[in-house]
Protein chains: 2
Amino acid sequence: MSDSVKAIGIKPAGIKDVAREAGVSVATVSRVLSNGPVSDALRARVEDAVRATGYRPNLSARRLRSQHSLTIGLIVSDIRNPFFTAVSRAVEDAAFQAGMRVILCNTDENPEREAMYLRLMQEERVTGLIFAPTRATLAQLDRADLDFPVVLIDRSAPAGRFDSVVLDNPQAAALLVDHLHAQGYRRIAGLFGNTSTTAVERHAGYQAALAAHGLHAEARFVPPTAEAAEAEIARWLAEARRSGAMPDAVMVSNSLLLMGVVKATRTLGLAIPGDLAVAGFDNEPWTELVGPGLTVIEQPVHEIGRAAMTLLFERLDDPERATRKVVLSGTCVARGSTGGVG
Amino acid sequence: MSDSVKAIGIKPAGIKDVAREAGVSVATVSRVLSNGPVSDALRARVEDAVRATGYRPNLSARRLRSQHSLTIGLIVSDIRNPFFTAVSRAVEDAAFQAGMRVILCNTDENPEREAMYLRLMQEERVTGLIFAPTRATLAQLDRADLDFPVVLIDRSAPAGRFDSVVLDNPQAAALLVDHLHAQGYRRIAGLFGNTSTTAVERHAGYQAALAAHGLHAEARFVPPTAEAAEAEIARWLAEARRSGAMPDAVMVSNSLLLMGVVKATRTLGLAIPGDLAVAGFDNEPWTELVGPGLTVIEQPVHEIGRAAMTLLFERLDDPERATRKVVLSGTCVARGSTGGVG
DNA sequence: ATGAAAGCGCTAACAT
DNA sequence: ATGTTAGCGCTTTCAT
């Protein structure tokens, strides 16, 4: 047995050490590692040597030399959001199957962090990027001249300069409004986040659906936090009560805001759905457990991730082809929070 | 203006291009990039050239040459668990301040994935690793001879071969049991995950606290999923009802299981806390919103992340020093789910 | 303060 | 099928 076995904590074995141990050239070792053409005899010797030396390839060296990182970037706006964890899982699975790694980054909807991570992606020479940008970054993204293809998720490009995969947000919002209408609600308020294009589209769908029912839309936009939503809803309902124009239902554009709204109903002592019906987005596990269960739009999260990877690979195959936008439909999961006017 | 500006989509500019553009040697460019000793005049020229060429350093090349990755690994068992997202945030912040990157990986408590990611960490030549291993992997971790220091979080090493930072699990479990006892509960069941050492410690604290109160412990272990918990609790309560030995409270060792238990009470039509009091771990946002609010142990998540990074840096400073174990206390957040015997 | 040149660990031509 | 060798893009001696 070689003494390199004992070289612990000194320095990791390199391909040269393996070659020496096996009595072959480094090229042969490299070929074994990449399943190149090597005789069975030598292959076995090399594999033994790899084990004996505890050899692990140096990815930096490999990437530098081979000029491809086999890495794709994934920049999401909120890793705590189960939507993004599910998507990232799908992306990682697909990447792994293709022999690629994923660099996962979380921006918290902060444009500075987005800029920093975009820079990182360049420096890591990623093969491609899947990105859920804020509106602010999205507006500048064309001018960013990145050296790799980008697929947008959750938020879509207006111009069509990028491939993207999104939920049919207007339709989904309409689904919610139609459901509320069918349940007998007529004064349907809307609360939306103010940083993402998603909220803009959901607001559009909300407005259109209300108009179709001949109802009046009353929407407000808040920063995408539970606290902001809670405060705004409390203020709003207080005003509404004074003016005698209380809504009987509220639809909310994402799950963080939804949480804030539920909190507000608690502190205000409002019953769901008796005093106020509630509907939102994202079928997170806890929505089933809160109050009578919360009515939500369920997104095809895994498909969104898979579709993004598919678009990315197709783009890598053919950089010249026209950009595509994959639009997937959500489904309405009706629960007690929209139980009907009572 | 150089023509390299127009080289879009061809190939990213290298340090050589910058040097040519600025009319200096590559060494000078490198010095500017690393804030080395360079005259103001040349520095300015180089900085202009960097902008003109859109130069971004190639991290693979930099890491290969400099022989340090400036990267630390973070392997967690469940990225959806807000405990780990909070910890990872703290780790990332600390790393960023130290000019380092973080590679975040998610194992879903799967030993195969753990092994794969450990291999990855070696191949990426990470400077250090923060790791929340399953029991299975933990048992083999000493034999893994890794080329970097490891700090364990959430799960602690029995032997003390690794630095670690953990919650005082026995104490936290006792806190819950004491609270339940003070609220008048006497038949306190316990449901624990079967993959982590955390659950083992929490079980120990649960048992000791019950013994101290002269009460009988009745615990079960299940896979760490909501589904498993829901099924097991349903089965358990059915048996208990038949034998006339219904528990009046149940404590649960993590938030995933907690969700399963809440679900089970819904399908079984049990009132919380009237028919069954419930207490668990991790003060996740939704625990406040479910039923009368769920009583939970709150962990000092940010401090855990920071402490892990501190341990790691200290270890890198002095590889020879004795291993340490930082034990942090949790606090009991009492809510309606343990409102008292009716 | 600046430049020339060696070489990090690996892959891919090219040669045999 | 196997070995030899030239770099990948950068940092870091070593000269100047």
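Proteins get letters first, then strands, A, B, ... in listed order; numbering begins at 1 in each.
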Which whole-number value in Å describes the distance from [X] [atom1] to [N] [atom2]?
| X | N | atom1 | atom2 | answer |
| --- | --- | --- | --- | --- |
| B:Asn35 | C:dA1 | CG | C1' | 15 Å |
| B:Gln122 | C:dG9 | CD | P | 15 Å |
| A:Leu70 | C:dC10 | CG | C1' | 14 Å |

Got a donor-acceptor contact below 3.5 angstrom from the [X] side chain to the [Y] backbone?
| X | Y | result |
| --- | --- | --- |
| A:Arg31 | A:Pro37 | no |
| A:Arg315 | A:Arg321 | yes |
| B:Thr71 | B:Ser69 | yes |
| A:Arg161 | A:Asp142 | yes |

Next item on the list: List for me each residue that meets side-chain contact (heavy atoms from CB on, under 4.5 Å) alongside B:Ser30, sequence neighbours excluded, and say none if there are none.
Entry: B:Ile15

Note to self: Can you build the contact string for nucleotides 7-14 of chain D? Use B for base contact, S for sugar-phosphate-only contact, and - for no protein heavy atom under 4.0 Å.
What the structure shows: BBBBBBB-

Margin query: So, applying side-chain contact (heavy atoms from CB on, under 4.5 Å) with A:Thr28, which one of A:Val18, A:Leu33, A:Val38 is it?
Written below: A:Val38

Checklist line | Salt bridge present between A:Glu124 and B:Arg101 (N-O < 4.0 angstrom) | finding: yes

Margin query: Using a 4.0 Å cut-off on heavy atoms, which residues in residues 36-47 of chain A reach DNA chain C? List them by number, or say none.
Written below: none

Check: How far does the helix from C:dA1-D:dT16 to C:dT16-D:dA1 bend, going by the axes of its first and last five pairs, to the nearest 10°?
Finding: 40°

Notebook entry, point to check: With B:Arg56, which residues qualify under salt bridge (Lys or Arg N to Asp or Glu O under 4.0 Å), at least two apart?
Noted result: A:Glu123

Just distance, no hydrogens or angles: give the donor-acceptor pairs under 3.5 Å from side chains in residues 42-49 of chain B, sequence neighbours left out.
from, atom 1, to, atom 2, distance (Å)
B:Arg43, NH2, B:Gly36, O, 2.9
B:Arg45, NE, B:Ala22, O, 3.1
B:Arg45, NH2, B:Ala22, O, 3.0
B:Asp48, OD1, B:Arg51, NH2, 3.1

Next item on the list: Would you please say whether a donor-acceptor pair under 3.5 Å links the side chains of A:Glu114 and A:Thr137?
Entry: yes

Next item on the list: Would you please confirm or rule out a distance under 4.0 Å between OP1 or OP2 of C:dA4 and any side-chain N or O of B:Ser25?
Entry: no

